[in-house]
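So that the names make sense, note that chain A is the first sequence line, chain B the second, and so on, each numbered from 1.
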Amino acid sequence: MIPRNCWYVAAMAHELLPGALFPRTLLDTPVLLFRRQDGSAAAIEDRCSHRRVALHLGRLVGDRVQCGYHGLEFDGSGACVRIPNQERIPPKACVRAFPLVERDGFLWIWMGDKALADASLVPDYAEICSNPAYVGRRSDALHVAAPYTYNLENVMDLSHVSYAHRQTVGTPLVAETRPETRIDGDTVVVRRAWDRIAAPPVFRRLFGWDEVKRTQTIHFWPGANIRLDITSEPVGNTDPAQVRRIRVVGPCTPQTRGSHFKFSTMYRDFGQDDEATTQQLADAFLVTLNEDKVLMEDQWRNACTDGPDAPMFDIAVDQAPLATRRILARLAQAEAQ
Amino acid sequence: MIPRNCWYVAAMAHELLPGALFPRTLLDTPVLLFRRQDGSAAAIEDRCSHRRVALHLGRLVGDRVQCGYHGLEFDGSGACVRIPNQERIPPKACVRAFPLVERDGFLWIWMGDKALADASLVPDYAEICSNPAYVGRRSDALHVAAPYTYNLENVMDLSHVSYAHRQTVGTPLVAETRPETRIDGDTVVVRRAWDRIAAPPVFRRLFGWDEVKRTQTIHFWPGANIRLDITSEPVGNTDPAQVRRIRVVGPCTPQTRGSHFKFSTMYRDFGQDDEATTQQLADAFLVTLNEDKVLMEDQWRNACTDGPDAPMFDIAVDQAPLATRRILARLAQAEAQ
Amino acid sequence: MIPRNCWYVAAMAHELLPGALFPRTLLDTPVLLFRRQDGSAAAIEDRCSHRRVALHLGRLVGDRVQCGYHGLEFDGSGACVRIPNQERIPPKACVRAFPLVERDGFLWIWMGDKALADASLVPDYAEICSNPAYVGRRSDALHVAAPYTYNLENVMDLSHVSYAHRQTVGTPLVAETRPETRIDGDTVVVRRAWDRIAAPPVFRRLFGWDEVKRTQTIHFWPGANIRLDITSEPVGNTDPAQVRRIRVVGPCTPQTRGSHFKFSTMYRDFGQDDEATTQQLADAFLVTLNEDKVLMEDQWRNACTDGPDAPMFDIAVDQAPLATRRILARLAQAEAQ
């Protein structure tokens, strides 16, 4: 039940080096990414049409992928353009190709009905990713052995930072504060704000702050897009110039029914050239990503072991996670009809 | 077909450190063991009732287990005593708890019908484990990837020491001696005795003995209790003070249908303060435990590969193992009705 | 669908050391190989008839295999010749035995109907393996996690050397040359010949040759026999003494439905005592074997993941591979009736 008619992140743009054959399974489909000689990126099925050997075991010859077994060649449109020792190339020699758009440092792929692939619908993170006011250290994909919905539920309920991320970004009051949740069509926005709250441990270490004025706003929109905006400022501050902003750009992409890739980068508008700040925040961010990974993978392993009838129940903070899941279920159902 | 209305060993008491969350799957159920601040041990299901994350990923806060994901708290009775940011705690927020008794260095757990859990039925090893006449180096649990019945069959037919344990405790004559087997209700006792038999290699090395007068008695009783009593003395000896006793306390517990934990400790009434003796016997004992583990795991792997219809046949020494299996089948069947 | 009424290679003769118990699964059956004291080899089922423990965990006592668990003993005919502490040995105590013939450095086994096991049908590689004109460094079995038919298809279409083995034995023109294919009953012969062709990289490195006159002939016959004959000589040569011959003896044996052992040895009639030549050719040969292993295992992994309905199509060079598969299917079907 995964909507396919959406743009998903296939890879961070910097993951796809010129000359490389880059394989990645997305939405249960083996995909091969590569760049043509002009730098443009292409995505085709990572299976030779002949004997289904992975094309990433072959090599890039100009703008063509040559199968490493019997030498068949394919271009970025999936067309088979050469079969050694054979004139006629039958139509079934072609492999699937997937619309691909490079924007904001992401390679966006369309795995659904090609006729519906509209580049104007590519999720827009330009205001953060292509904005010189913000700096961020681009991460690679993080693999998580749990459904991508677990990640969305994780992020849409940030009460968990009080328990899972006590060492880095969590403080007890977060979980104690009921968030304001707004569901508007296919988007969900969750917001918490405090005039005075204990500073997260990482801020305490960086700035020596004990308490801060703080807001925390999370946006979800389909396919699997997450944006997290955090403001911090001295208690009682009224000067906009003193507000420090952290913005997390966090789309994820299903790999299989039970695993996903998470593409999370933290941006900030302060201390841009300060390497110590960059390093401390990057380290803290990596710790939180891995703390979530451990929890989500345990949750999925237990779901697989215990079966679908094992009891669970919902709590108050599940409002936004449940809304997110309902949106995805509605989209998937609409596609199935 | 595993009887559940029995006391099984959940862990050696020394395995459960104060402050720790100790997870172990028993009878196909994930169990979490922990000690309250007064030292008493508790056992609850190792799954949060909310999203089924393992509770051992959380932490112990006083006498409560706090889930590491969303902060729900549970006490040793399985009651959910706190949900962050929520007043009402619904009954389904509770998790299962299991009766637990600490005795003789074991933590005994009852995984069946709670109404039948009678502490007076806890298997009694006090005469050995809590007897200053005997000394033993408490082992940790040994994990074996084979059904627990394989272990019971292994121990109930000690003819195998002549082949599997030739380097440590086995001599050829053991297998050649038909044992006396007594089946009495739910207990099975197997006995062999020799006025003169080659000393086991480990005794030869320890005492320089060539031959000994010897007895070997194994007791089985449900759930999965084993006691092995061995006497050794000089050939022709009539002085009780010269008899050296080894007693193995060896209960085991099913982990899953195809795996178990073995809690085997060897006690002796001689050379109590002699570290060299302790070490040599402990080493030899560990070797035999691992020799058995290899054989049992191979047997189970083959059973899984070859399927239930693969032929087997019984031999004379299988009398006690078969009796043991029949007792367990009868108990399991009685529970199923 | 694997024909069983054929002789297959159970092991290279040199793999089976005197005194050893050598286990190997062949055609989905666990087999134990061992040598009697007179050096003759025997093959019995690698399962004790009592509790199905693998017999290779026991030991060889004279010409008998003693089970490592309860001491039952079996001879090379599969007969149970001893049960400790028991007079009567029931007929079902026996284990299966398999006809075995040692010839040309191979141990040939018959896994099918014993009544049809005719030693005169053992595949004959004597002209190469037992011919002093040729020298070869006997390889051990190479395990490949793919069906044995993948290996036969690999070898029966050598166009793949142009792509898979570009660093060692492949040159582009091989794939561009349509082979002559002859199907005669149950045998398939594929031949390519060139008056002038770029020398394979390994020949270029060994002899400094740029171009050669060359032939390449592959023979297949059931069960799973492969012989590859290659001649190389200076362009325009007419002197038979200048022809250099390489002959690959390459039978393989199914381990399971999805894996096989490959027994490939390369022989040559030149530079017999030159260690550098031996080493360079052996290294190049090992590289090609592993390149093929990677491709075949990927192909099989994909077949398992993508399922039997995933599309494939045949190309011109598949003529010989398809003929080979048809022969095996016909033989397997005939056996099934």
Side-chain angles (χ1 to χ4, degrees), chain A residues 146-147 149-167 170-181 190 192 288 290-322 325, chain B residues 21-32 44-62 64-74 78-97 111 145 254-259:
Chain A
T149 49
Y150 283 26
N151 181 54
L152 298 175
E153 292 172 342
N154 171 283
V155 182
M156 294 308 289
D157 165 24
L158 287 186
S159 79
H160 79 273
V161 304
S162 297
Y163 305 99
H165 309 312
R166 288 184 302 124
Q167 311 300 330
T171 50
L173 194 57
V174 176
E176 299 306 327
T177 308
R178 180 145 310 181
E180 175 194 333
T181 300
V190 183
R192 282 183 175 91
T288 67
N290 277 298
E291 283 167 340
D292 284 334
K293 176 178 156 80
V294 166
L295 289 163
M296 291 189 276
E297 294 187 342
D298 181 78
Q299 188 184 344
W300 177 239
R301 207 165 30 236
N302 296 347
C304 293
T305 306
D306 301 348
D309 297 333
M312 280 199 279
F313 83 109
D314 301 325
I315 59 178
V317 289
D318 287 321
Q319 190 191 356
L322 292 173
R325 262 208 282 183
Chain B
L21 295 177
F22 187 96
R24 181 166 277 166
T25 293
L26 302 168
L27 282 77
D28 270 311
T29 306
V31 173
L32 178 69
I44 62 175
E45 202 180 351
D46 189 22
R47 293 280 186 272
C48 182
S49 51
H50 172 221
R51 286 293 177 261
R52 303 192 69 75
V53 164
L55 289 173
H56 74 263
L57 294 177
R59 57 180 183 145
L60 196 55
V61 178
R64 298 166 169 197
V65 177
Q66 184 185 71
C67 177
Y69 204 167
H70 301 97
L72 283 75
E73 294 180 12
F74 305 88
C80 180
V81 290
R82 184 164 184 271
I83 301 178
N85 203 357
Q86 181 169 328
E87 291 290 302
R88 210 181 80 77
I89 295 179
K92 62 185 165 186
C94 296
V95 298
R96 289 179 67 191
M111 308 287 294
Q255 178 194 40
T256 66
R257 197 178 73 87
S259 59

Determine whether F313(A) and P90(B) make a side-chain contact, defined as any pair of heavy atoms from C-beta on separated by less than 4.5 Å.
yes

Quick one: what part of D318(A) sits under 4.5 Å from any heavy atom of chain B, side chain, backbone, both or neither?
side chain

Using every non-hydrogen atom in the two residues, find where N85(B) and P179(A) come nearest and quote the distance to one decimal.
ND2-CD, 4.5 Å

Region of R88(B) that comes under 4.5 Å of a non-hydrogen atom in chain A
neither

Given R59(B) and R166(A), is the side chain to side chain contact (heavy atoms under 4.5 Å, CB included) satisfied, shown in steps?
CA-CA 12 Å; R59(B) 57 180 183 145; R166(A) 288 184 302 124; 3.0 Å; yes

Side chain to side chain, L57(B) and V294(A), heavy atoms closer than 4.5 Å:
yes

Are H70(B) and S159(A) side-chain neighbours, meaning at least one heavy-atom pair lies under 4.5 Å?
yes

Contact part of C48(B) toward chain A, heavy-atom cut-off under 4.5 Å: side chain, backbone, both or neither?
neither

Closest approach of Y69(B) to Q299(A) (non-hydrogen atoms, all atoms of both residues):
CE1-OE1, 3.6 Å

For Y163(A) and P84(B), the nearest pair of non-hydrogen atoms, with its separation, is OH-CG, 3.2 Å

Select, from V317(A), T305(A), D314(A), V161(A), the one with the greatest count of heavy-atom pairs under 4.5 Å involving chain B.
D314(A)

Quick one: do D157(A) and R51(B) make a salt bridge, cutoff under 4.0 Å?
no

Check whether any side-chain heavy atom of L72(B) sits under 4.5 Å from a side-chain heavy atom of I315(A), and report yes or no.
yes

Taking only Lys NZ, Arg NE, NH1 and NH2, and the carboxylate oxygens of Asp or Glu, determine whether E87(B) and R178(A) approach each other closer than 4.0 Å.
no

Taking P311(A)'s backbone N and O only, do any of them form a donor-acceptor pair with R52(B)'s side chain (distance below 3.5 Å, no angle check)?
yes

Which residues pass the salt bridge (charged side-chain N to carboxylate O under 4.0 Å, His left out) test with R301(A), sequence neighbours left out?
D298(A)

